[in-house]
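Here's the structure, in structure tokens; my notes come after.
First the proteins, then the strands, lettered A, B, ... as listed; each starts at 1. In what follows, every heavy atom counts, from backbone to side chain, and hydrogens, waters and symmetry copies are set aside.
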There are 2 protein chains.
Amino acid sequence: MNAEIIAVGSELLLGQIANTNAQFISEHLAALGIDVYFHTVCGDNEGRMIDVIKNAEKRADLLIFTGGLGPTKDDLTKETVAHVLGRNLVTDQEAMESILEYFKVTGREMTENNKKQALVVEGSHVLPNHHGMAPGMIVDTGRHLYLLMPGVPSEMKPMFLDFARLYSASRNEEHIQSRVLRFFGIGESQLETQIIDLIDAQSNPTIAPLAKESEVTLRLTAKHEQLDQAEAMLDAIEAKIDARVGQYLYGYNEESLPEIVFELLREQKKTIAFAESLTGGMAADWMAAFPGASSILNGGIVCYTNQVKHQVLAVPQEVLKTDGAVSASCAKHLAASVRKLCGSDFGVSFTGVAGPDKSEGKDVGTVYIGFSDSNGSESYRFQFNGSRQKIRIQSTKTGYDIVRRHLRNLPIIGC
Amino acid sequence: MNAEIIAVGSELLLGQIANTNAQFISEHLAALGIDVYFHTVCGDNEGRMIDVIKNAEKRADLLIFTGGLGPTKDDLTKETVAHVLGRNLVTDQEAMESILEYFKVTGREMTENNKKQALVVEGSHVLPNHHGMAPGMIVDTGRHLYLLMPGVPSEMKPMFLDFARLYSASRNEEHIQSRVLRFFGIGESQLETQIIDLIDAQSNPTIAPLAKESEVTLRLTAKHEQLDQAEAMLDAIEAKIDARVGQYLYGYNEESLPEIVFELLREQKKTIAFAESLTGGMAADWMAAFPGASSILNGGIVCYTNQVKHQVLAVPQEVLKTDGAVSASCAKHLAASVRKLCGSDFGVSFTGVAGPDKSEGKDVGTVYIGFSDSNGSESYRFQFNGSRQKIRIQSTKTGYDIVRRHLRNLPIIGC
């Protein structure tokens, strides 16, 4: 099975948005074992869309459309697919009812063109839209499979996952199950070296590493006639990987490191505060992004100048003069003071050289992260590289990982 | 003239990255007056790439390729274009010298396949790569124009802008000049209403509005035989727009609001500090992202709990009890205290309800922003809507805009 992803919409051709839908769908098709050979973007133009469909039919089994299902006369996708297939459009009662319901609930007035959204290609399997009005549809002609979905990502994504489940279920010869393991604090080549025998021996499950934004992921994919057996195969290979590099494994699939740390703090009923020099508020901001942050994040101090480090966070002038602001002793003082000042269980501090220039004679990328709790304060040294922003982000992630390791009783190692 | 943008690379088809190159190029082609009817993505496969090229030749005048110019045997773009055109690949001496120079400077060892990067399609105009090794090229066959560029965005973007300049210069019948005006604090429909007569009368220059991320932009595009005349036409229409809505116009083209405020503070030699409740460090973080931030950002306090508001930022218990943390009086106290504590010229504070739930009986989206300088403290009320993160971002931008208006002696208006 191979697929072509066809996005319809002039806003893509005008460069107003990027085709992130194609990325999302491609990533999930790879996990389903479906090859993608082409992405195509075309505008809201019937003639050009017909050419695109006929061309795609020559080179793909599965044609996936995003966009062009809306109520206006510019929206042509289902009309054009119906035309190419020689089928009619018919009203889907369930879709019509959910549109009527929407207008009833919101009290808005329904215009005639909204009824157009309940039309579907005759003989198609309708996919309900749980986040908008336009339903999706699957048309199976025997030779080709056509999947039509809306272009709004928040409507398309859950609908595509519904399709993926239906697709997996329909292929009763085998289930393809996929699981992404997320690692922090270990490089891609270092991780590969640790599990190279497992990677070399892979066939089912497969193990696919990918490095992105200072993190490494492993996508495990297992195939089996029975779903629970496929899951068991994933569990078995994960256990082997976990035994070797488990301390770096922080989460699964779409989970983020801040999300995991936030949940750990919530479970263990701990509060936190940050003293941020080079990260300048980033660590606190990431936590404040989560609903319910107020029960976990007490506060923080952005201590960009030595004056703030000394006057607000009580770092002794002696330390700033002798060791400098970028030092282990400064990091320890900062973490201890911010913890005390904000009355939190943990205090975490960041001080370092983000660049582009050296500071205090210390190289760009030199970073100290302090951690303080009721047992005292510790500091960890790191040497990062890359742009100013990359160093700031990697520092913030490393601070979060230190908290994660503390909460999971894992060793913390600087360089 | 119409164009098709062809991205080559399996990482796109696997969903590892989104095709942001196509967005960038499309946006700039629109400004050049070149229509884009199709985007295509294909993998590193010669047969499929040949089909894509032949198909594109039928429907486009300008074929723009990104990716597949690297040193490995997977990189096939120029080989395949040369094959389709029946041309040879020849070594470009300048490109070869710059590759040799690169290896000399970095001290790395050059492998044989790096020489492949100096090969170009015979008879092409070579575009130097100022940010990497693989040169770009333009092939003009009379019937079609082929533009080949690397896939790495930091290498592609400046090269594409070089092409755009060459293209504009070659069309000696007329120059197409474009300028984007960036607005904050005014909605798209409100802006349109203010200048509707200018929009209705537009032909040359054209005026194209676009709303994105709580901001509105107007793209002005003028055509004239003489470059300076095209510029003068842009100046004239901008002056008319400026006379009506100039107070909302913060910058041009790719400039961001934080960047503009950072530059204004630097020019006027002013320092700043932030007291952040709902924004939780975001305002300080945006400023810390700029090199040289340490001479402008003194520091900040993330005051998520009332305890931190009271103990660190001296907000009276009376205010927290009577008016609440989300109040004009609290915002004023926060701004004044953080200014004093961090010893800065300005203090800016943020307190509000980010959601998803109401707080202190106040609606989600209720936000107070405080501003303090040597003349005293003021507070401004706003009512935003959308998700938690959208409200936090809009609050931070609004705080920056208040600083901009202060530094430019413009009125500041809350709701």
Side-chain angles (χ1 to χ4, degrees), chain A residues 12-20 22-30 36-43 48 51-52 55 59 210 212 274 276 278-285 287-289 291 293-294 297-305 307-308 311-312 341-343 355-356 388-389 392, chain B residues 12-20 22-30 36-43 48 51-52 55 59 210 212 274 276 278-285 287-289 291 293-294 297-305 307-308 311-312 341-343 355-356 388-389 392:
Chain A
L12 290 157
L13 298 177
L14 289 167
Q16 294 172 354
I17 55 170
N19 190 6
T20 53
Q23 181 186 8
F24 177 89
I25 296 169
S26 295
E27 196 182 347
H28 284 83
L29 288 177
V36 180
Y37 290 151
F38 300 97
H39 296 171
T40 303
V41 179
C42 70
R48 288 196 284 273
D51 288 345
V52 164
N55 203 25
R59 58 195 193 182
L210 178 66
K212 205 152 74 176
F274 297 99
E276 307 191 55
L278 90 156
T279 54
M282 189 185 283
D285 177 40
M287 198 129 276
S294 48
L297 174 66
N298 280 17
I301 312 286
V302 177
C303 47
Y304 229 69
T305 56
Q307 184 239 333
V308 174
Q311 283 182 18
V312 184
L341 207 55
C342 296
R388 179 178 174 86
Q389 199 62 355
R392 297 178 69 241
Chain B
L12 290 157
L13 297 177
L14 289 167
Q16 292 171 356
I17 54 172
N19 190 6
T20 55
Q23 181 186 8
F24 177 88
I25 295 169
S26 295
E27 196 182 347
H28 284 83
L29 288 176
V36 181
Y37 290 151
F38 300 97
H39 297 171
T40 303
V41 179
C42 70
R48 287 196 284 273
D51 288 344
V52 164
N55 203 25
R59 58 193 192 183
L210 179 66
K212 206 154 73 176
F274 298 99
E276 307 189 57
L278 91 156
T279 54
M282 189 185 282
D285 176 40
M287 197 130 276
S294 46
L297 174 66
N298 281 16
I301 311 287
V302 177
C303 46
Y304 230 68
T305 57
Q307 185 239 332
V308 174
Q311 283 183 19
V312 183
L341 207 55
C342 296
R388 178 178 175 85
Q389 198 63 356
R392 297 177 70 241

I'd like to know which of A:Thr20, A:Thr40, A:Leu29, A:Asp51 tops the heavy-atom pair count under 4.5 Å against chain B. A:Thr40
Any residue meeting ring-ring contact (aromatic ring centres under 6.0 Å, His included) with B:Tyr37, in chain and number order, not counting sequence neighbours: none
Would you sort out whether B:Val41 and A:Asn19 count as a side-chain contact (heavy atoms from CB on, under 4.5 Å), showing the intermediate values? CA-CA 11 Å; B:Val41 179; A:Asn19 190 6; over 6 Å; no
Does any heavy atom of chain A fall under 4.5 Å from the side chain of B:Arg48, the backbone, both, or neither of them? both
Sequence neighbours excluded, which residues qualify as side chain to side chain contact (heavy atoms under 4.5 Å, CB included) partners of B:Thr305? A:Asn298, B:Gln307, B:Val308
Please flag which part of A:Leu210 lies under 4.5 Å from any non-hydrogen atom of chain B: side chain, backbone, both or neither. side chain
Nearest atoms (heavy-atom pairs only) where B:Val52 meets A:Phe38: CG2-CE2, 3.4 Å
Here the gap from A:Ile17 atom CD1 to B:Ser26 atom OG, rounded to the nearest 0.5 Å, amounts to 11.0 Å
Heavy-atom distance under 4.5 Å to chain B: side chain of A:Glu276, backbone, both or neither? neither
Side chain, backbone, both or neither: which part of B:Asn55 has an atom under 4.5 Å from a heavy atom of chain A? side chain
Region of A:Ala289 in contact with chain B, defined by heavy-atom distances below 4.5 Å: both
Part of B:Ala293 within contact of chain A (heavy atom distance under 4.5 Å): both
Chain A shares the most heavy-atom pairs under 4.5 Å, among B:Ile25, B:Val312, B:Leu278, B:Thr279, with B:Val312
For each of B:Cys42, B:Gly43, B:Pro291, B:Gly355, tally heavy-atom pairs with chain A at distances under 4.5 Å, and name the one with the top tally. B:Pro291
Quick check on B:Ala22 against chain A: is it the side chain, the backbone, both or neither that has a heavy atom closer than 4.5 Å? neither
I need the residue from B:Arg59, B:Met282, B:Gln311 with the largest number of non-hydrogen atom pairs under 4.5 Å to chain A. B:Met282
I'd like to know which of A:Arg388, A:Gln389, A:Glu27 tops the heavy-atom pair count under 4.5 Å against chain B. A:Arg388
Looking at every non-hydrogen atom in both residues, tell me the closest pair between A:Asp285 and B:Arg392 and how far apart they are. OD1-NH2, 2.7 Å
Spatial distance of atom CD (A:Gln23) from atom CG (B:Leu14) [nearest 0.5 Å]: 11.0 Å
